[in-house]
Protein chains: 2
Amino acid sequence: MRDRTHHIDLLLRKLALLERLDDQEQAAIAGLPFELENVPAHRMLIREGSQVTHCSLLVRGFACRHKMARTGKRQIVAFHMAGDMMDLQHALLSRADHNLQMITDGTVGTVPIKAMKAVCRDFPRIAEAFAKDALIDASIFREWVLNVGGRDAKTRVAHMLCEFVARREAMGISPVEAMRLPMTQEQIGDATGLTAVHVNRMLRLLSEEGAFRHEGRELVISDWPMLKAVADFDAAYLHGLAHEPQSANAF
Amino acid sequence: MRDRTHHIDLLLRKLALLERLDDQEQAAIAGLPFELENVPAHRMLIREGSQVTHCSLLVRGFACRHKMARTGKRQIVAFHMAGDMMDLQHALLSRADHNLQMITDGTVGTVPIKAMKAVCRDFPRIAEAFAKDALIDASIFREWVLNVGGRDAKTRVAHMLCEFVARREAMGISPVEAMRLPMTQEQIGDATGLTAVHVNRMLRLLSEEGAFRHEGRELVISDWPMLKAVADFDAAYLHGLAHEPQSANAF
DNA sequence: CGGGAGGTTGACCACCATCAACTGCTGTGG
DNA sequence: CCACAGCAGTTGATGGTGGTCAACCTCCCG
């Protein structure tokens with residue numbers, strides 16, 4: 001039973017960060033006809049240029065959105081984790097302008113856009129919550145433009161880590177103190193406009209300076225204030241979709 | 001009389017690209033209580049971190065949105081031209097996460113967010129049009145992430161030019177064949193993550209290769225297909241907010 | 001006529017890309 | 001159980017793209 005509604009819990013938790021929804025509204029969300037599917041790592045969910053008829057909720061695992069330059073260089077423009085609505089924009093823009101791809105294996109819930117529009121029509125506050133989510137998405141893109149366009153390699157990598165950790169914390173996905181990064185160094189490179197080799201060097205640098213350390217395959221953030229400072233990170237651009245790790249205990 | 005309604009014409013023209021609005025809906029737009037103000041070049045309209053209570057429509061002139069890195073490096077994340085709603089996101093996200101500043105002198109129309117919300121509540125298709133505009137904004141940010149993160153200097157500068165020309169064409173602001181760029185080379189640099197010096201070199205290169213030429217202070221695009229090819233430009237990401245210059249006559 | 005902003009050009013150099021080799025995991029099949 | 005393949009990570013050597021610094025030019029506009 002818990003399993004059948006886990007994806008609804010996730011979505012409600014996310015929306016609660018954006019808008020206070022009453023029982024009726026929560027029931028409307030719970031009534032959305034999600035179809036759940038387990039998908040393997042690297043599965044392409046949506047391809048640039050294709051027509052999109054469903055919205056996707058990530059229930060388990062990690063995914064990313066990316067575009068390609070003519071040279072073949074891939075640019076990751078967003079990472080997604082459990083609880084994220086990954087393509088709200090397709091509710092109104094029918095053609096995908098980028099690819100959506102799983103990083104790890106996971107579970108995806110899809111809803112017909114018609115159902116999304118219906119619930120938005122009947123419950124304006126739900127519509128507002130989804131709109132806010134999309135606008136915060138845009139704010140994150142702006143920060144990424146600054147990150148790749150205006151910061152040096154070490155800062156870029158640190159910033160990416162900070163955002164990832166802060167969003168994880170907000171969704172309560174896992175203890176932040178010790179986590180395994182789901183993305184490869186090459187993917188971090190594709191997100192920051194660096195090569196995997198240079199990402200590796202920057203991670204080593206940050207680790208040598210004491211921002212985090214490796215414990216087996218886990219990454220342990222040993223000095224959040226320091227990492228945040230190096231990263232030039234200020235969570236304001238996440239507009240409440242993430243608070244910084246406050247649980248100072250582990251740090 | 002034409003002057004009093006010019007800003008409404010502009011806005012309706014923009015919205016017509018996004019949604020077919022009937023007479024009643026157009027009348028509702030025309031009824032929005034815009035306050036027009038002439039503003040000088042470089043005027044800051046909105047500052048990062050401030051609370052925003054109005055939405056701004058650019059009626060005349062050019063503006064940009066930008067963020068600052070800790071080092072002081074400024075990153076421009078968007079250029080705006082007449083007809084653009086510059087901060088729809090602030091209708092739902094009350095705190096600005098970036099600055100909004102005039103590039104040239106111009107005219108700005110402001111509407112209280114309450115009035116915007118009211119018209120959106122009463123006319124769902126208007127709400128949808130504004131939402132589409134915000135989503136296209138996000139798509140443009142994604143393209144910019146790719147541009148600064150994944151393309152070399154020449155391509156970046158050319159791409160920025162292409163987007164600017166295509167959007168101008170869509171809004172019918174001026175003949176595209178000959179225009180004066182409103183932004184300085186330093187601003188192009190801040191938008192592309194390059195220095196003004198290097199932007200200068202890239203512009204020279206593009207011009208030497210015949211993509212465009214200078215006539216006095218005007219820039220004349222002499223070979224749009226070539227510029228577009230060099231730029232790795234595909235207008236799909238503008239989702240109909242801009243078609244490419246088709247008037248092959250001048251080229 | 002003078003001052004200032006923007007544009008132009010050259011010399012030099014640093015950051016990060018590229019190429020290449022090697023290590024260590026992990027899963028898989030003999 | 002081992003061998004092997006394959007992917008991710010690691011490290012070093014070298015070079016190029018684009019940054020930095022500095023000088024000078026051009027065009028406005030007061």
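Predicted model only: the values in this text are computed from it and were never measured. Lettering follows sequence order; numbering is per chain, from 1.
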Integer-rounded Å distance: [N] [atom2] and [X] [atom1]:
{"X": "B:Leu203", "N": "C:dG7", "atom1": "CG", "atom2": "C1'", "answer": "10 Å"}
{"X": "A:His42", "N": "D:dG6", "atom1": "NE2", "atom2": "P", "answer": "15 Å"}
{"X": "A:His214", "N": "C:dG24", "atom1": "NE2", "atom2": "P", "answer": "15 Å"}
{"X": "A:Glu186", "N": "D:dG6", "atom1": "CD", "atom2": "P", "answer": "17 Å"}
{"X": "B:Leu181", "N": "C:dA5", "atom1": "CG", "atom2": "P", "answer": "21 Å"}
{"X": "A:Gln185", "N": "D:dG9", "atom1": "CD", "atom2": "P", "answer": "4 Å"}

Of residues 61-81 of chain B, the positions that come close to DNA chain C - non-hydrogen atoms, cut-off under 4.0 Å: none
Are the side chains of B:Met102 and B:Phe62 in touch, meaning some heavy atoms are under 4.5 Å apart? no
May I ask you to verify if any side-chain N or O of A:Asn200 is less than 4.0 angstrom from the OP1 or OP2 atom of D:dT10? yes
If you take all heavy atoms of [X] and [Y], which pair is closest and at what distance?
{"X": "A:Ala138", "Y": "B:Phe141", "value": "O-CD1, 3.9 Å"}
{"X": "B:Phe34", "Y": "B:Leu57", "value": "CE2-CB, 3.7 Å"}
{"X": "A:Pro182", "Y": "A:Arg168", "value": "CD-NH1, 4.4 Å"}

Give the B/S/- string for nucleotides 15-30 of chain D, one per nucleotide from 5' to 3', where a protein heavy atom under 4.0 Å of the base yields B, of only the sugar-phosphate yields S, and otherwise -. ---BBBB------S--
Please list every donor-acceptor pair under 3.5 Å in which a side-chain atom of residues 43-51 of chain B meets a protein atom from a residue at least two apart or in another chain.
| residue | atom | partner | partner atom | Å |
| --- | --- | --- | --- | --- |
| B:Ser50 | OG | B:Arg47 | O | 2.6 |

Could B:Arg167 and B:Asp84 be called an ion pair, given the rule that one side-chain N must be under 4.0 Å from one carboxylate O?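 Salt bridge: yes.
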Would you call A:Asp137-A:Arg65 a salt bridge at under 4.0 Å N-O?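 Yes, this pair counts.
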Which residue pairs pass the salt bridge (charged side-chain N to carboxylate O under 4.0 Å, His left out) test with at least one member in residues 195-209 of chain A, sequence neighbours excluded? A:Lys154-A:Glu209, A:Arg204-A:Glu208
Verify side-chain hydrogen bond (donor to acceptor under 3.5 Å, both in side chains) between B:Gln101 and B:His66, making sure each step is shown before the conclusion. CA-CA 8 Å; B:Gln101 186 172 24; B:His66 57 87; 2.8 Å; yes
Under 3.5 Å, is there a donor-acceptor pair linking the side chains of B:Arg60 and B:Asn38?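 There is such a pair (donor and acceptor under 3.5 Å, judged by atom type) between the side chains of B:Arg60 and B:Asn38.
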Quantify the bending of the helix from C:dC1-D:dG30 to C:dG30-D:dC1 as the angle between its end axes, each fitted on five pairs, to 10°.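 Overall, the helix from C:dC1-D:dG30 to C:dG30-D:dC1 bends by 30° from one end axis to the other.
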Side chain of A:Arg204 only, please: which of D:dA8, C:dT8, D:dT11 is the nearest?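 Side chain of A:Arg204 sits closest to D:dT11.
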Got a list of side-chain donor-acceptor pairs under 3.5 Å for residues 155-162 of chain B, not counting sequence neighbours?
| residue | atom | partner | partner atom | Å |
| --- | --- | --- | --- | --- |
| B:Thr155 | OG1 | B:Asp152 | OD1 | 2.5 |
| B:Arg156 | NE | B:Arg151 | O | 2.9 |
| B:Arg156 | NH1 | B:Thr192 | O | 2.7 |
| B:Arg156 | NH2 | B:Arg151 | O | 3.3 |
| B:His159 | NE2 | B:Glu143 | OE2 | 3.1 |

